[in-house]
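So that the names make sense, note that chain A is the first sequence line, chain B the second, and so on, each numbered from 1.
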Amino acid sequence: MNLASIREKVKMIPKKTEEAAREKGIPTAFFVLVRKEFTDYIRSWRIIILLAIILLACFGSLYTAMTTISEAIDNSEAEELGNNLYLFLQLFTVSDGTLPSFITFVGFLGPLFGIALGFDAINSERNRGTLSRLMSQPIPRDDVINAKFVASLLLNVVLFFSLGFIVMGLGILLLGIPPTVEEFLRIFYFLIVCIVYIAFWLNLGVLFSVVFKNAATSALSSIAIWLFFQIFYGMIIQLLSRPILNPETITDISDAISRQGVVINLMRLSPSYLFEESTTILLSPSTRSLGPLTVEQATGAVAGPLPLSQSLLLIWPQLTGLIAATLVCFAIAYIIFMRQEIRSN
Amino acid sequence: MAPLIQLDGVSKKYDDQYAVKNLSLSIEKGEIFGLLGPNGAGKTTTILMMLGLSEPTSGKIKVCGIDSVRKPIEVKKRVGYLPDNLGFYQQMTGMENLIYTAELNQIPRKEAEKRANYLLEKVNLAHAADKKTGKYSRGMKQRLGLADVLMKNPEVIILDEPTLGIDPEGVRELLALIKSLSVEEKITVLLSSHHLHQVQQICDRVGIFVQGELLAEGTIDHLAKQLFQEDSFLVRVKASPISETLLSELEKLESVTNVKKTMNGLEIYSSENMAATISRLIVNHGADLYQINNEHYGLDEIYHRYFEGRDHVESR
């Protein structure tokens, strides 16, 4: 057998249809699904309204931050200003008390946005009778749920990066201070943390949309969980921590520290607390630790903000935890969906 | 040639109950097969298993020669499925819905548009192509569903209760459409229904499906013969006078199994259509023949008998 005949034989082997389609420039089924979901999202009233609220809130918080910062600039001497590092980051954290700051808004509206994206992902398809039609097309079953996840994550990424960059741009325009590279990177990581946090709520919504047949049930359950972590979980932990931190039972300093650690770790079970911690560390570089610091630990330390790498190191566990929670939610949703009956009734 | 759809001892068990029990069925290329049975008989389960959307507990399923458990995607490339309560994306137009289906099947855009236009014309929806499907009536949706199923140019189409909830005129149109598709496009059709009259009109063969079991299958005539054995034809006669000799001669006729005298006429049961012979006999005997009708047992009676005699059939 010579080379030519081998070449001839290789030509005879039919190409896989997918490969052939790619060569012809036909989008893959997965891409088609993602594109359709994405279009649906940006056309749906639910998302448009939420986007409008988020935009309004952002500009409101930007305005208050701006007035606070420019007042500070006016009142202070040039030397002091030079010492006040990371002024730019304060755009996201500072407010004059009339409106909450940018991070507070994101921490509050972000989960709502995630839930709105996810809560009816699967059950609305099921109820409309489109799921079985979709399933009878030659696509793998998991493409459907993956496409929904990818499309909403994409929307999330686009939204938060554009929001963050708009705020940054306006900051440069109005304050006249350009951000340093480190400030820019900090904001970049902050936006990533936001996206991961929202992805968690999004996946919780998707999970409920697989479990509950009724869209209203899944929306209400997701919101209930969100409210629980946002508001009640902190209260409950405070209540629990009272006996733990009772000064009469504490014997020495190491005991006090370990008890404090227990309380903080309990708090960290809540994703919203993890988010809060991460954003604080990222946007307020002067924060040096998330737990209690003893005098011994603090002695010898140079007073000053942490470098970015150290800040990142500090929130690494939080970030990993959030990503893990997100993936766990998605994995459960995925498994249930793969095993579910397709029929609608 | 191997049958297009072949089920071999297929069972599906939910918890302790069989939804489908030891089903064997084969459907040839180009025929219209009707899967008949009451609600909850396991028709939809069977269809989902054929498409690989549900896994059988035991047994083998081959569609177009492909194992639908192992390679569901290959099967779904060749099979169009119209689910029983189908829906469309309401915010999209009929055309957009069809194009979306085409894209999921990797059909190039231009070809998809051409095909969608052709199919919309075919199902009489060309006027509503750019209307949002949220505003479609039930019958229109069903016809759009048929177009949607045909977008991928399938070898087989499986229709689950296609006539559900449509008005009689709509049903007539839909059935005519299905029939013409089967003839013109040479597509094999499997349809499930509990509307016997409708199925009777277009199906080449039917299978009667009750509680997960296929009780009988075959052409409608064949089923009637199988079920009613000898007396599958009934001739009602109104005539007078009816003499004893006439009666005895009728009874003597070959294939006549029973002759009953009623108020003003006769009921003659036979295994073949004997109306012509009977009428000639009556006239030859000098009696006046007022009326003669030939009652052929329809699917309704067959169906009814099966459900009535279910215990009997099961104990066989």
Atom [atom1] in [X], atom [atom2] in [Y]: separation rounded to 0.5 Å?
X       : Y       : atom1 : atom2 : value
N97(B)  : K36(A)  : CG    : NZ    : 8.0 Å
S136(A) : I157(B) : OG    : CD1   : 12.0 Å
Y100(B) : T39(A)  : OH    : OG1   : 9.0 Å

With heavy-atom distances below 4.5 Å as the criterion, would you say the side chains of [X] and [Y] are in contact?
X       : Y       : answer
P140(A) : I73(B)  : yes
P72(B)  : R141(A) : no
R133(A) : F88(B)  : yes
Q106(B) : I139(A) : no

Close contacts, residues 44-51 of chain A versus chain B, judged by heavy atoms under 4.5 Å: none
Which portion of [X] sits near chain A, non-hydrogen atoms under 4.5 angstrom:
X       : value
S54(B)  : side chain
E103(B) : both
M92(B)  : side chain
L48(B)  : side chain
D148(B) : side chain

Tell me, side chain or backbone of L131(A) under 4.5 Å from chain B's heavy atoms, or both, or neither? neither
For residues [X] and [Y], report the shortest heavy-atom separation together with the two atoms involved.
X       : Y       : answer
K76(B)  : Q137(A) : CD-O, 3.7 Å
P138(A) : K77(B)  : CB-CG, 3.4 Å
T130(A) : G87(B)  : CG2-O, 3.2 Å

Near [X] [atom1], under 6.0 Å, is it more than 12 heavy atoms from other residues, nucleotides or ligands?
X       : atom1 : value
E185(B) : CD    : yes
Q340(A) : CD    : yes
F228(A) : CZ    : yes

Applying a heavy-atom distance below 4.5 Å, give me the residues of residues 59-71 of chain B that approach chain A, sorted by number. none
